[in-house]
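Since the structure comes first, as structure tokens, the remarks are kept for the end.
First listed ligand is number 1; within each ligand, the first listed atom is number 1. Position 1 is the first residue of the sequence, and the numbers go up from there.
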Amino acid sequence: MGRNSDLDKFKTRDFSIRRKLYNICSVITVISLSVALIETVITYDSNYYKLILAGVLLLYVAITIITAKLKKTNFGTGATAFLIIFFYIPFSFFTGGGVCGDAPIWILYAILYVSVLMIGPIKKVFYGLIVLVMVACYYVSFKYPERIQSYPDNVEHVYSLVAIVLIGIAIGIIVDYMVNLYQRQRIQSHSQMQEIKALSDSQNQFFSSMSHEIRTPINTIIGLNEMILRENISDEVAEDAANIRAAGKMLLSLINDILDMSKLESGQMVIADESYHPGDMLSDIVGMLWIRAKEKNLDFNITVAHDIPDELSGDEVRIKQILINVLNNAIKYTKEGSVKLSVQCEKLDDNKVNMIYTIEDTGIGIKKEDIPYLFTAFKRVDETQTRHIEGTGLGLSIVKRFTELMGGKVTVNSIYTVGTTFIVEIPQKVISDKNIGEVNLEHSKNVEKLSHYKSRFEAPNAKVLLVDDNASNIMVESKLLRDTKVQIDTASSGAEALEKTLAKEYNLIFMDHLMPEMDGIECFKAIRSQVGGMNRNTHVVILTANADEEHKILFEKEGFDAYLAKPVSGEELENTVYRFLPSDMVNVLGSAEEIFEETISWMQDNKKKKTVSVTSESVADIPNELAARYEISVIPHMVKTDEGLFRDGTEIDTQGVISYMRKPEHHIETRSPDTKEHEEFFAEELKKANNVVHISISSKVAHSGCPSAMEASKAFDNVTVIDSGHLSSGQGIMAIEAAKMAARGKSAEEIVEEMKHLKDKVRTSFVLDDIDYLARSKQINPKLANIVKSLSGHPVIMLKNGKIGLDSMIFGSRRYAWKKYINSTLRHEGGIDKSILFVTYVGLTNKEMEWIRDRIAEKAKFEEIIFQKASPAIAVNCGPGTFGLLLKEL
Ligand code: ADP
């Protein structure tokens with residue numbers, strides 16, 4: 001855009017506006033200083049004051065000239081502000097009556113000068129300087145009033161008046177200038193808005209007419225091609241014709257996408273709110289897509305939850321478009337395996353449900369780094385893999401925009417080379433609470449009939465009028481209706497149509513929308529009110545290339561009986577004729593052979609996916625019973641010994657690890673699951689739930705699984721990894737709390753939010769027998785470990801801000817250390833949540849555990865105390881004789 005507004009120039013440091021303001025201020029300042037000089041000359045005897053003021057004036061003029069010569073407004077404003085603040089204000093304050101003179105008015109002027117002319121951090125510095133000088137002046141005048149010199153002959157009033165008038169005029173001019181600037185800017189932006197609107201209107205007009213112009217020839221291509229497919233043709237010709245049809249449809253969907261995109265961009269997309277049956281909608285979708293899956297030998301599974309309402313309200317057409325797009329992609333980008341669509345709903349408030357459509361494939365997958373760009377218009381990702389697959393990169397961006405327009409969201413979870421899952425959630429109003437029940441598959445059977453087409457009926461007595469200005473449209477439509485044997489008349493304009501409707505009664509009229517001179521709507525109105533017309537009550541169906549919601553509403557309002565979007569298929573034309581003809585006129589030919597294969601498995605599913613699944617790691621030391629009760633899945637850490645690599649908890653147990661560790665020559669270490677293992681774990685978990693909240697071990701401890709979990713989660717929009725800042729049962733307490741919230745139906749966002757608070761309330765600490773194992777596993781500084789060891793102390797370690805640190809050192813016998821640890825951990829008994837206490841231990845005997853239980857009971861009464869054996873991975877790091885009291889504070 002060539003025109004830059006004044007204000008923009010100002011903001012973008014184009015100094016012309018600032019320079020103008022600077023010039024205005026310079027003139028005002030020169031006049032003010034000159035008047036002040038004249039006043040001084042008149043009233044003061046002392047030449048000293050006159051000289052100072054003349055000096056200030058000269059200096060100021062010099063600054064102004066230099067600024068003008070060098071065109072350095074920054075220098076000019078800075079130097080002027082400096083002069084006013086440090087020379088003129090103190091000077092006039094101390095020589096001109098202090099607070100009663102004209103200095104306070106100059107302070108106001110200085111503030112205005114800085115606020116209008118300065119930009120950037122320097123502005124704040126100058127504000128600071130003004131305040132400093134002002135406070136200093138007022139302080140001195142308060143403390144040492146004798147230092148303030150009044151004007152001779154008490155002419156303060158005159159000085160003050162002159163200053164007020166001058167500065168007042170200055171402020172007026174500056175404010176006036178700014179207001180004008182603002183007004184100009186407003187007018188300019190208003191006219192720019194108009195221009196943009198006009199541009200967007202003409203762009204829409206362009207897209208709309210382009211869409212119309214392109215649809216007409218495609219109509220001819222697809223229609224005539226359908227005629228070829230109906231003939232008795234060789235396999236080779238049939239294959240060619242099938243390819244032409246596929247290419248025609250591709251072109252058509254491209255035009256539709258571009259048109260949708262332009263409407264979405266200009267904010268003109270209208271979302272319908274009409275009742276529909278989700279069962280029928282799903283049936284239609286399956287009917288359109290199963291053949292594509294079959295052609296690629298893919299399994300196509302559909303699972304529908306039993307509690308989906310039978311009737312909803314929303315934009316069925318757009319939801320269909322979204323699902324077809326995502327399912328189409330799933331089929332397109334999958335070479336072998338399956339494509340699954342599962343449909344569920346969640347009850348929301350206000351008689352609404354959140355419809356959740358999950359589309360899962362076993363295809364090429366999407367790289368983690370590509371996921372953020374997936375929904376960008378015209379962006380195709382992983383071009384090496386997708387180059388040979390038809391596509392424009394528009395589909396998903398339209399999917400996202402539509403979904404969001406309907407108040408929903410679309411998320412993606414994918415493992416590269418393994419498969420992708422898209423989850424589309426759309427809130428819909430419930431019209432009928434009745435459950436969906438058995439989904440009727442009849443619709444799905446009305447699939448594309450490839451080359452074996454047969455007409456469903458004949459109606460040789462029916463009279464149909466086709467009105468269209470385009471000869472090839474008329475030719476195609478007549479041919480497509482040929483097998484029904486209806487009598488067809490045609491008219492190439494509104495006027496010709498009216499001649500025909502005057503002369504003959506028709507059973508049905510197909511009317512083109514956009515025609516020169518008289519368009520379809522005008523012609524329709526004329527037929528309805530035609531004096532002597534024979535078709536005032538005949539059904540009229542409009543054929544349009546503008547099949548969007550706005551036009552649909554318009555056609556309904558105008559009173560058309562139905563509308564068909566171009567290009568129309570033979571089947572649609574026939575169905576419409578069938579619908580509007582009286583039954584005694586129609587001779588049904590028996591149901592045509594349907595093609596329906598076993599490829600689709602359509603199931604009513606009673607097992608609902610959970611909304612949120614909470615997961616954690618084996619090192620979270622969650623007792624099995626609790627993990628099962630709260631359905632917490634756990635990913636194992638690995639324990640590496642000289643004998644090999646074992647999965648923590650399942651393939652190796654703590655007792656085994658302890659005896660193995662006792663021999664110093666044995667090497668043992670732990671390894672957290674890597675990114676790939678996490679990815680597989682999350683993918684598996686997403687089969688059970690729509691969202692996963694993973695509570696990971698603190699990222700700041702050695703061998704933490706958190707970074708790889710975080711990395712893996714980038715591939716999954718629906719997986720959130722929370723750095724618990726804890727380990728062992730401290731981490732476990734968080735996982736249990738999260739799982740309890742999930743069971744109460746809380747959303748992933750709510751759980752994540754709560755975990756942030758809980759993190760600070762959980763206390764993770766352990767008392768160790770000695771520090772050897774921590775040092776061996778590099779969890780603690782080896783130098784520190786040596787000192788502690790030499791003093792044979794029992795270290796108490798604590799997690800603070802996610803880091804393992806030495807909290808204290810207890811010297812003495814083992815039992816003494818334990819008792820002290822218990823007493824100090826439970827000392828603020830009132831502030832502890834007493835519902836549960838974890839005593840997580842490594843290598844304790846039953847007797848020792850009893851002893852610990854008794855000591856705890858002496859300090860506090862817990863509803864439940866759980867003794868939990870630490871996982872091998874934790875045991876390796878702490879060594880036998882370790883236990884910790886893990887709790888939550890209130
Ligand atoms: P396109 O017309 O290229 O399919 P989309 O907007 O529908 O455009 O998709 C954008 C890109 O996202 C595709 O080019 C493809 O790289 C990737 N993509 C979409 N769906 C899948 C999927 N199910 N599996 C793998 N990649 C996919």
Parallel under 30°, tilted from 30 to 60°, perpendicular over 60°: which one fits the rings of F422 and F375? perpendicular
With atoms numbered from 1 as shown, which atoms in ligand 1 lie under 4.0 angstrom from a non-hydrogen atom of G365? 25 (C)
I553: which residues meet the side-chain contact (heavy atoms from CB on, under 4.5 Å) condition with it, sequence neighbours left out? E549
Which bit of I364 is near ligand 1, meaning a heavy atom under 4.0 Å away: side chain, backbone, both or neither? side chain
Below a 4.0 angstrom heavy-atom separation, can you tell me which part of L394, side chain or backbone, both or neither, approaches ligand 1? backbone
Checking the side chain of K479 only, and the main-chain atoms of M227 only, is there a donor and an acceptor separated by less than 3.5 Å? no
For the 3.5 Å polar cut-off, considering only N or O atoms, please tell me whether N325 and ligand 1 meet it. no
Does ligand 1 have an atom under 4.0 Å from some heavy atom of G363? no
With a 6.0 Å cut-off on ring centres, are H513 and F555 close enough? yes
Is there any N or O on D361 that sits under 3.5 Å from an N or O of ligand 1? yes
Look at the side chain of S672 and the backbone N and O of S704, then say whether any donor-acceptor pair between them is shorter than 3.5 Å. yes
State the atoms of ligand 1, each with its element, that fall below the 4.0 Å cut-off from a heavy-atom position in K332. 1 (P), 2 (O), 4 (O)
Can you tell which part of L396 has a heavy atom less than 4.0 Å from ligand 1: side chain, backbone, both or neither? both
Just wondering, more than 12 heavy atoms not from K746 lying within 6.0 Å of its NZ? no
Please list, in number order, the atoms of ligand 1 under 4.0 Å from a heavy atom of L374. 12 (O), 17 (C)
Between E685 and S613, a side-chain donor and acceptor under 3.5 Å: yes
Can you tell me if F422 has a non-hydrogen atom under 4.0 Å from ligand 1? yes
